[in-house]
2 protein chains.
Amino acid sequence: MAAVSRMGIFLGLDASALAEVLAAATLATAQAGEAYVCQGDPAHRFYLLVSGRVRLSQVTPEGQQVVMRFIAPGEEFGIVAILGRLPYPVTAEAVEPAVALAWSGEAFNRLILRHPQIGLNGMAMLAERVREFQDRLREAGTQRVERRVANGLLRLARQAGRSVAEGVLIDLPLSRQDLAEMTGTTLFTVSRTLAGWEERGIISSARKRVTLLQPHALVAVAEDLPEG
Amino acid sequence: MAAVSRMGIFLGLDASALAEVLAAATLATAQAGEAYVCQGDPAHRFYLLVSGRVRLSQVTPEGQQVVMRFIAPGEEFGIVAILGRLPYPVTAEAVEPAVALAWSGEAFNRLILRHPQIGLNGMAMLAERVREFQDRLREAGTQRVERRVANGLLRLARQAGRSVAEGVLIDLPLSRQDLAEMTGTTLFTVSRTLAGWEERGIISSARKRVTLLQPHALVAVAEDLPEG
DNA sequence: CGTATTTTTGAAGCGATTCAATGGACGTGG
DNA sequence: CCACGTCCATTGAATCGCTTCAAAAATACG
């Protein structure tokens with residue numbers, strides 16, 4: 001409960017309200033690779049990630065996959081459930097063992113009506129999400145691939161970065177393909193881009209793992225500054 | 001008040017609640033070209049458009065402009081004001097004479113806490129917005145320019161389309177530059193693309209105006225179907 | 001140790017951008 | 001009402017960034 005009270009969407013709730021929130025929740029665990037929700041299924045549950053990582057992705061009618069974002073502990077997914085029984089627009093899949101709290105759409109609706117603070121926090125959370133997507137859309141429309149990949153890595157580092165001896169490790173199983181699907185390019189181009197940075201000592205990479213050795217240099221790439 | 005009660009964010013409120021909402025609002029008018037909010041200014045007001053059209057755009061550090069979306073009557077903008085005094089991430093500018101209701105961030109916060117239904121509706125509205133941006137991000141990452149422009153036009157038609165004798169007029173002053181900034185390309189490419197469609201009889205265009213003559217054919221382009 | 005998955009690398013080709021220059025539409029003021 | 005300046009749109013030609021496809025190398029896993 002202490003952990004839950006620190007989560008953005010439940011900030012400012014008193015103990016009894018938190019107890020009520022928790023009483024309505026069920027615990028949902030998933031193993032690596034297992035899906036919480038599948039694109040196209042009717043949305044009836046809303047989730048709040050407690051631990052692990054979840055990848056949100058969308059498949060196009062042509063079968064191409066696009067990675068929307070990674071969900072970190074404390075963030076929600078499946079919000080569409082509170083709108084009624086629309087289909088989920090994305091697939092949410094655990095990339096490592098994960099634990100989440102889940103509410104039915106109806107139950108969460110009732111919670112919001114009884115505790116307006118949740119609605120307020122939820123709007124704040126979603127507004128922030130909108131802002132992030134706006135930023136990415138701007139990037140997608142104006143930046144070259146190298147900058148987009150740099151921005152993608154920096155976003156991941158902020159969200160899932162772990163300080164290690166050499167720099168900042170992005171603590172996720174992250175393939176070249178994933179990065180390509182996040183930044184709207186191909187795994188080939190990502191591979192070449194990372195290879196270039198590795199040569200310049202900016203990052204070090206292994207299979208499904210990237211470590212930022214000189215984050216400031218990557219910021220310079222992302223902002224298109226002359227290299228320092 | 002009747003008009004306000006039909007707006008998504010105030011759905012389900014009773015008369016006294018609506019009166020309270022309106023009492024806290026101020027009316028803000030803008031002429032064509034005038035800005036409601038400017039990117040970078042501290043966000044202290046939240047708006048609900050009553051009539052007219054508003055364009056949300058973002059300027060990159062390099063000075064390029066990106067058009068995020070057009071706001072139609074009944075839609076909100078400036079939501080970031082309820083998060084505290086963060087800067088507005090976008091500029092909101094009337095493209096034709098507009099009227100909007102405005103609340104201070106604090107006042108709207110209080111309204112949400114007194115009438116939780118507003119928070120619920122607001123979350124629904126924002127969740128829908130997130131979904132739209134996700135779709136556009138997917139398009140930006142996977143589709144070629146022609147399809148993106150087709151999708152952009154169809155989105156505008158859905159939102160601001162008006163049936164006329166020849167087809168569906170997009171009832172907005174819409175330059176090639178605007179379309180380019182919405183779809184992440186250049187005005188040159190948009191010009192060539194529209195010229196091609198005009199030749200095929202799919203659209204008809206004039207200065208800052210586009211009419212869809214065969215919407216279904218444009219859908220075919222957007223979905224990359226063999227032309228019918 | 002063999003198989004599957006991920007990553008690297010090369011070469012060819014194309015879609016889209018860039019830049020420059022022209023053409024057309026609109027509004028304003030004489 | 002015509003002439004002007006401004007803004008918007010078109011068009012052509014050159015260039016480039018990125019994709020595409022093929023093939024091989026590296027790494028993980030049973």
Side-chain angles (χ1 to χ4, degrees), chain A residues 31-33 55 60 62-67 93 95-96 139-153 170 172-200 203-211 221 224, chain B residues 31-33 55 60 62-67 93 95-96 139-153 170 172-200 203-211 221 224:
Chain A
Q31 297 160 13
R55 183 176 64 188
T60 71
E62 289 82 24
Q64 298 171 82
Q65 198 173 108
V66 179
V67 175
E93 184 185 1
V95 294
E96 50 185 52
E139 284 174 18
T142 60
Q143 301 181 354
R144 298 284 159 82
V145 166
E146 189 181 27
R147 294 184 62 184
R148 297 208 304 270
V149 175
N151 275 308
L153 276 184
I170 293 177
L172 274 176
L174 181 74
S175 69
R176 305 290 184 270
Q177 178 85 37
D178 287 332
L179 258 174
E181 286 169 356
M182 287 186 67
T183 52
T185 180
T186 63
L187 77 151
F188 308 102
T189 301
V190 168
S191 175
R192 281 182 244 266
T193 304
L194 295 192
W197 291 340
E198 196 149 11
E199 204 165 312
R200 289 165 58 190
I203 66 164
S204 104
S205 75
R207 183 182 241 233
K208 287 205 175 194
R209 220 140 267 286
V210 177
T211 306
V221 172
D224 202 22
Chain B
Q31 299 160 12
R55 183 177 62 189
T60 70
E62 290 82 23
Q64 299 170 81
Q65 199 174 107
V66 180
V67 175
E93 183 184 1
V95 293
E96 51 185 51
E139 284 175 18
T142 59
Q143 300 181 355
R144 301 247 182 268
V145 166
E146 188 180 28
R147 294 183 63 185
R148 297 208 303 269
V149 176
N151 276 308
L153 275 185
I170 293 177
L172 272 178
L174 182 74
S175 68
R176 305 287 185 269
Q177 178 85 36
D178 287 332
L179 258 175
E181 287 170 354
M182 287 186 66
T183 52
T185 179
T186 63
L187 75 150
F188 309 101
T189 303
V190 168
S191 176
R192 281 182 244 265
T193 305
L194 295 191
W197 291 339
E198 197 149 14
E199 204 165 313
R200 288 166 59 190
I203 66 164
S204 105
S205 76
R207 185 183 238 234
K208 287 202 172 196
R209 222 140 265 292
V210 177
T211 306
V221 173
D224 202 23

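Here the structure is a predicted model, which means the values were calculated and not measured.
Taking atom CD on A/Glu146 and atom P on D/dT19, their separation rounds to 13 Å, with Å as the unit. For the pair A/Glu181 CD and D/dT19 P, the computed distance is 13 Å after rounding to whole Å. The separation between A/Gln143 atom CD and D/dC18 atom P is 12 Å, rounded to whole Å. Taking atom CD of residue B/Glu198 and atom C1' of nucleotide C/dG24, one finds them 14 Å apart after rounding to whole Å. Atom NZ in B/Lys208 sits about 7 Å away from atom P in D/dA9, given to the nearest Å. Computed from coordinates, the A/Gln177 CD to C/dT5 C1' distance equals 12 Å when rounded to whole Å.
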Check: protein-nucleotides 25-27 of chain D nitrogen or oxygen pairs below 3.5 Å:
from	atom 1	to	atom 2	distance (Å)
D/dT27	O2	A/Arg207	NH2	3.0

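Between B/Trp197 and B/Leu153, some side-chain heavy-atom pair lies under the 4.5 Å cut-off. By the 4.5 Å heavy-atom criterion applied to side chains, B/Val221 and B/Val149 are not counted as neighbours. A/Leu179 is listed as a side-chain neighbour of A/Leu194, based on a closest heavy-atom distance under 4.5 Å.
Comparing B/Ala206 and A/Ala195 along DNA chain C, the residue whose closest nucleotide (by nearest heavy atom) sits nearer the 5' end is A/Ala195.
Checking A/Arg147, A/Gln143, A/Arg144, A/Glu146 one by one against A/Asp224, the side-chain contact (heavy atoms from CB on, under 4.5 Å) holds for a single residue, A/Arg147.
Among all heavy-atom pairs drawn from B/Ala180 and B/Leu187, the shortest one is CB-N, 3.5 Å.
Phosphate contact (OP1/OP2 of C/dT7, side-chain N/O of A/Ser191, threshold under 4.0 Å): absent. The phosphate of C/dT6 has neither OP1 nor OP2 within less than 4.0 Å of any side-chain N or O from A/Arg176.
Electrostatic pairing of A/Arg148 and A/Glu139 does not count as a salt bridge here, judged by no charged N lying under 4.0 Å from a carboxylate O.
Here A/Arg207 contributes atom CZ and A/Arg176 contributes atom CZ; the two are 10.5 Å apart, rounded to the nearest 0.5 Å.
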- Protein-to-nucleotide contact annotation, 5' to 3' order, nucleotides 17-23 of chain C [B base; S sugar-phosphate only; - none; under 4.0 Å, heavy atom]: BBBB---
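At distances below 3.5 Å, not a single donor-acceptor pair connects side-chain atoms of A/Gln65 with backbone N or O atoms of A/Glu181.
By the 6.0 Å contact criterion, CD on A/Glu62 is enclosed, its count of non-hydrogen atoms from other residues, nucleotides or ligands being greater than 12.
Nucleic acid contact class of A/Leu187 (heavy atoms, under 4.0 Å, all strands): base.
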